[in-house]
Chemist: 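Pasting a structure below so you can have a look.
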Amino acid sequence: MTLFYHFCFYLFGLVAVASACVFVTRKSPVAAALWLVNVLFCIAALFVLLDAQFIGAIQVLVYAGAIMVVFLFVIMLLNLGEPARIADARGTLWYIGAGGLAIVVLAAMMVRLPHPLPIETFRIAADSLVTEARATGAVAPVAVPLFTEYLLAFEVTSVLLLAAVVGAVVLGRKRNESDAGPASQPGTAGTGTAAHAR
Amino acid sequence: MSGGSVHQALSVAVSQAVPLPGSPAAVAPTFDLHIPSQLTLALGPDIVLFVGTTVLMLWAAWRPDSREHQSNVGRASLALVFVTMAAVVGYDLAHVTAGPGVIAVDAFRWASDLIFLAASAGTIALSIDYNAREGILAAESHVMVLFATSGMMLLAAGRDLMIIFLGIELMSVAVYILAGFNRRSARSAEGALKYFLLGAFSTGFLLYGIALIYGATGSTNLTVIGDRIHLYSLAGTPLVTVGVALILVGFAFKIAAVPFHMWAPDVYEGAPTPITGFMAAAVKAAAFAAFLRVWLEAFGDVVYQWHDAMWFLAILTMLAGNVVALVQRNIKRMLAYSSIAQAGYVLVGVVAGTTLGASAFLFFLAAYTLATLGAFAVIVALGDAGETQLDIGDYAGLWTTRPWLAAAMTACMLSLLGFPIFGGIGFLAKWYMLQAALEASYFGDAKPQVELAVMIVVTSVISAGYYLRLVTIMFMRPVRADGGAAGNAAPRAGHLTQWVVGVSVALLLALGLAPAYLVSWTAKSAPVIANRPTYLLPSSAIPPR
């Protein structure tokens, strides 16, 4: 591997780890969520370094994009109040314990890494995928099964999402004033629906 | 890809050696499910229902909420359900079959579909009257019932764990929303939230189990899983055992088997009454249909791993459901525990693991659906606005004020109890279940489940304590001074509610007198595994009697 590759790997890897550390130590939830975005971007970059451009793009779109936006919305809408009051109130012992555990896991991984036993088994399966990906682009190995073998599941997922959206709108919309009680006067039209296309 | 070709070669070999058991004349079309257009055709009734649902969804949103609009959308939904029913009957009569693939095209699917569609037709009819009375103006209520029914039909069809998972989710998401549809009721909201949280939790179990099974066998297709477990002797390996156990927990949540039933009473009590009936009848039946197919098609060889767990689940469910129902005062809670107990009886059909068990299962589900629907229809018919009178004591003297409704409720209670003649097919349903338990066999060896049969009888006697108490209260107590449900001046039940009560009780009694149709229908519809010789589901039908 080239020097450039190593440089990029260590750059993004270190930024990811550092951002993750900052992320778990922030007291304000909004700041923590923004640091998490940084972590997810760096991981997306690592995916690209691994020749998995598609997963990298999806990582940015789904995790750093959609999911983080929902996180931030929830945090801001809940308006939890003083960061100091809601912050994780665990003591120093917890910090030391969590940090120690992380170091142990990291050490175990570094000790195991020179003898990566299962990697060879995975490589056989991965090689065919890599060949295919080189030939047709990174998206095709994902797209082709999605629209052939799993076509029905794909379509049913869209129906599921449709049902969930309709239900969320029905439960979440503003209550009609005419909807005020059981057995109210018949024939009163509501005013709450969005589509007044009569 | 190699797995698929192994499977195809295997299925070709088997289908050459063993002609499709019970398959009709060779002229019937056989769908190749790997071709999208043929897959679409094989999903015909499902697509009819889904397209209709989408159109109704747009129509429901198009106009502002009003009583007429709610009623009109409801009636159109009812018509759509009947059209779908016609499509299902058409497919059933055409004897279509299909090769291996993500969905099954067999009589078991059509029979289950008819049960779900009948239940959702009853639910929509009840909802039209109930929503008008309770001032629930959102026409989407009926659309959500249709979405849930689409999910159920997928559950009956699914031959792939992914499709089954998506079917369960589609059904559950729609029912979570329906459970909380009465937004003025705090109980409704509480029930919906509990149902949603516990449902999501159980989905986690199910999904984890599916992942482990995929890890062990490399496939999500039920027949392929069954083949590979058989070929590579995977039964008893940790991955398969844990996966099967997790999937069992996931399904046990959905069918509310003890000890995974804690959500059911609160949710059943809080949900709008027609939806409670829907959950008790159709949702449970759909989860059972998928359960049976997964268990018999994929996990047949793992029988010694799941048999004991399922056996205890059945015993506990029968016992706890019936005993706890004895002390319930609220009629919806009582019926909730009753439905838990009935799930125990249905589990016996799965434990039996024979064709007889599978047809007893269908027969029992048909009887149970009719009786449950009838009982909830009577509750809807007797309810006042806001449903304040759900105590059993409120039904005192019903016979003197509303004799027809009292008689209908009695028939439903006796049917759930398993009483001959006056209980209609309820008696025969329990009879077949007993027979299935006594004729259970594994790998061709007869293993009569005498304990289960004894437990069915004993718990049925216990259940008389609450089913008959309601009957005596209706017939032998005078109307209470404050009126109660029997004496209140509530307007007469809507026409659709009357129809649901009448049709379900009439079917219950008529089929009880002439059960031959239902017997032959359920016997013919027991699932047949086309691709693999299996000890569980031989081609023989119920012996004629």
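Naming: A, B, ... by sequence-line order, numbering from 1 per chain.
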Chemist: Does atom CG of A/L77 have more than 12 heavy-atom neighbours, drawn from other residues, nucleotides or ligands, at distances under 6.0 Å?
Modeler: yes
Chemist: Do you know which two heavy atoms are closest between B/F147 and A/L162, and how far apart they sit?
Modeler: CZ-CD2, 3.9 Å
Chemist: Quick one: do A/Y150 and B/V102 satisfy side chain to side chain contact (heavy atoms under 4.5 Å, CB included)? Show the steps, please.
Modeler: CA-CA 9 Å; A/Y150 302 113; B/V102 290; over 6 Å; no
Chemist: Heavy-atom distances under 4.5 Å only: say whether B/L33 touches chain A with side chain, backbone, both or neither.
Modeler: neither
Chemist: Please name the pair of heavy atoms, one in B/A138 and one in A/V170, separated by the smallest distance, quoted to 0.1 Å.
Modeler: CB-CG1, 4.4 Å
Chemist: Closest approach of B/L170 and A/A163, non-hydrogen atoms and distance?
Modeler: CD1-CB, 3.7 Å
Chemist: To the nearest 0.5 Å, how far apart are CD1 in B/I163 and OG1 in A/T157?
Modeler: 8.0 Å
Chemist: For the residue pair B/P36 and A/L151, what are the closest heavy atoms and their distance?
Modeler: CB-CD2, 4.2 Å
Chemist: State whether the number of non-hydrogen atoms from other residues, nucleotides or ligands found under 6.0 Å of B/F196 atom CZ is greater than 12.
Modeler: no
Chemist: Which atoms of B/L154 are under 4.5 Å from chain A, going by heavy atoms: the side chain, the backbone, both sets, or neither?
Modeler: side chain
Chemist: Supply the atom-to-atom distance B/D160 CG to A/L152 CG, rounded to the nearest 0.5 angstrom.
Modeler: 8.5 Å
Chemist: Quick one: CG on A/L160 to CZ on B/F165, what's the gap to the nearest 0.5 Å?
Modeler: 8.0 Å
Chemist: Taking all non-hydrogen atoms of both residues into account, name the closest pair between B/M162 and A/A153 and its distance.
Modeler: SD-CB, 4.4 Å
Chemist: Non-hydrogen atoms of chain A under 4.5 Å away: do they reach the side chain of B/Y176, the backbone, both or neither?
Modeler: neither
Chemist: For A/A168 and B/I177, work out which heavy atoms get closest and say how close.
Modeler: N-CD1, 4.4 Å
